[in-house]
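Remember, predicted model here, so these are calculated numbers, not experimental data.
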Amino acid sequence: MIRTRSSSVRARAGHPPGEPRRVAFLYLLPAFAVYAVFLLYPIGRAVHLSLFDWDGLSLGTWAGLDNYVAIVEDEGLRAAFGHALVLVLFYAVGPLVIGLTLAAILNHAKVRGLGFFRTVVFLPQVVAMVVVAVAWRRVYAPDGTLNGLLGALGLDSLTRGWLGDHTFALPAVGVVGTWFETGLVTVLLLAGMSRIPPELYEAARLDGAGALRSSSPSRCLRSEGRSRSR
């Protein structure tokens, strides 16, 4: 009876039921402490050390932002950052675009054996990385599958040692990353799309959205809000 009265008093006073919100931070404190010790502190320490000219043994001297200026002016480091950006496009942007398209197709298409197609798409994630490396190395080899296919199509001028070519080595590795990550992204997006009620897809189509745009959760939510307002 006492707890019921206290909760009703809190509700009347505008407070949420249960303990005060600040108690929740006590539950988060252990996890935050571990996060701070093993991630935030090392990052802060690394930033602090980057402001010094230090060889790791002798006493460091203050350098300010000179180290960062040297990074920007170093052509080799700029090229390394550019290569990393290219790999980000292949490993993140590419799988997201392809995965969204495949998830939309698999979610809307009424085909038999949908579980089989999901398994095929997700298969690269369960294959050992050693197997993936050996298989793609064979594909990109000078006498490998890709050059053999190009030769069969009469495109012998395009054959090359893909992993040894200065121009095509990075995109070749990026294609492997796109192939490997697309399955996971597709399954995750497909799981989210399957939880959206069919009525929201119908409302999105009535608003003029196509098959791809209607697969966007934000589009469906906007359509739901409009249908409710009407």
Side-chain angles (χ1 to χ4, degrees), residues 2-72 74 77-78 80-100 103 118 121-122 124-129 132 173-174 176-178 180-197 200 215-222 224-225:
I2 297 177
R3 292 181 179 177
T4 304
R5 290 180 180 177
S6 61
S7 60
S8 62
V9 171
R10 288 176 181 172
R12 293 176 183 176
H15 296 290
E19 297 292 338
R21 291 296 178 89
R22 60 178 177 271
V23 177
F25 291 100
L26 296 178
Y27 292 98
L28 297 176
L29 186 59
F32 179 77
V34 174
Y35 182 80
V37 170
F38 291 99
L39 184 65
L40 296 183
Y41 174 75
I43 291 177
R45 183 61 175 165
V47 173
H48 178 257
L49 292 176
S50 67
L51 302 177
F52 289 84
D53 185 7
W54 185 46
D55 59 2
L57 298 176
S58 60
L59 184 63
T61 58
W62 176 258
L65 299 178
D66 293 343
N67 293 329
Y68 294 95
V69 174
I71 290 176
V72 175
D74 192 301
L77 288 176
R78 289 204 308 269
F81 284 119
H83 295 162
L85 181 60
V86 172
L87 291 180
V88 167
L89 295 177
F90 277 103
Y91 277 75
V93 180
L96 182 60
V97 174
I98 300 174
L100 180 60
R118 290 182 180 179
V121 172
F122 192 72
Q125 290 291 323
V126 299
V127 177
M129 291 299 298
V132 173
V173 175
V176 178
T178 302
F180 182 78
E181 297 292 341
T182 297
L184 177 61
V185 175
T186 303
V187 171
L188 293 177
L189 292 175
L190 190 59
M193 291 179 182
S194 62
R195 298 178 62 87
I196 299 177
L200 299 186
S215 301
S216 174
S218 59
R219 180 77 182 188
C220 294
L221 292 176
R222 288 197 299 268
E224 181 186 21

Colleague: Less than 4.5 Å apart, any side-chain heavy atom of F90 and any of E181?
Modeller: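 The answer is no; the side chains never approach within 4.5 Å.
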
Colleague: Within the 4.5 Å heavy-atom criterion, are Y35 and L40 side-chain neighbours or not?
Modeller: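 They are in side-chain contact.
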
Colleague: Taking the side chain as every heavy atom from C-beta outward, state whether P95 and I98 have any atom pair closer than 4.5 Å.
Modeller: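 Heavy-atom side-chain distance check fails, nothing below 4.5 Å.
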
Colleague: Does a side-chain heavy-atom distance below 4.5 Å link Y91 with T178?
Modeller: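 A side-chain contact under 4.5 Å is absent here.
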
Colleague: Do side-chain atoms of Q125 reach the backbone of F180 as a donor and acceptor pair under 3.5 angstrom?
Modeller: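 Such a contact is found between Q125 side chain and F180 backbone.
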
Colleague: Any chance CG of L59 has more than 12 other-residue heavy atoms, nucleotides or ligands included, within less than 6.0 Å?
Modeller: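 Counting neighbours around CG of L59, 12 or fewer heavy atoms of other residues, nucleotides or ligands fall under 6.0 Å, so no.
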
Colleague: R195: what forms a side chain to side chain donor-acceptor pair (under 3.5 Å) with it, not counting sequence neighbours?
Modeller: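 In terms of side chain to side chain donor-acceptor pair (under 3.5 Å), with neighbours along the sequence ignored, R195 is linked to no residue.
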
Colleague: Short question: side chain of N67, backbone of A70 - any donor-acceptor pair under 3.5 Å?
Modeller: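 No: the side chain of N67 does not pair with the backbone of A70.
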
Colleague: Taking the side chain as C-beta and beyond, is there a heavy-atom pair between D66 and D53 under 4.5 Å?
Modeller: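 No, too far: nothing below the 4.5 Å cut-off.
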
Colleague: Flag the pair F52 / T61 as yes when at least one side-chain heavy-atom distance between them is below 4.5 Å, and no otherwise.
Modeller: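 They are not in side-chain contact.
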
Colleague: Is it true that the side chains of S50 and Y68 contain a donor and an acceptor less than 3.5 Å apart?
Modeller: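 A pair is found: one side chain offers a donor N or O, the other an acceptor, under 3.5 Å apart.
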
Colleague: Is the shortest heavy-atom distance from the side chain of D74 to the side chain of F81 under 4.5 Å?
Modeller: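 Result no, sub-4.5 Å side-chain heavy-atom pair not found.
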
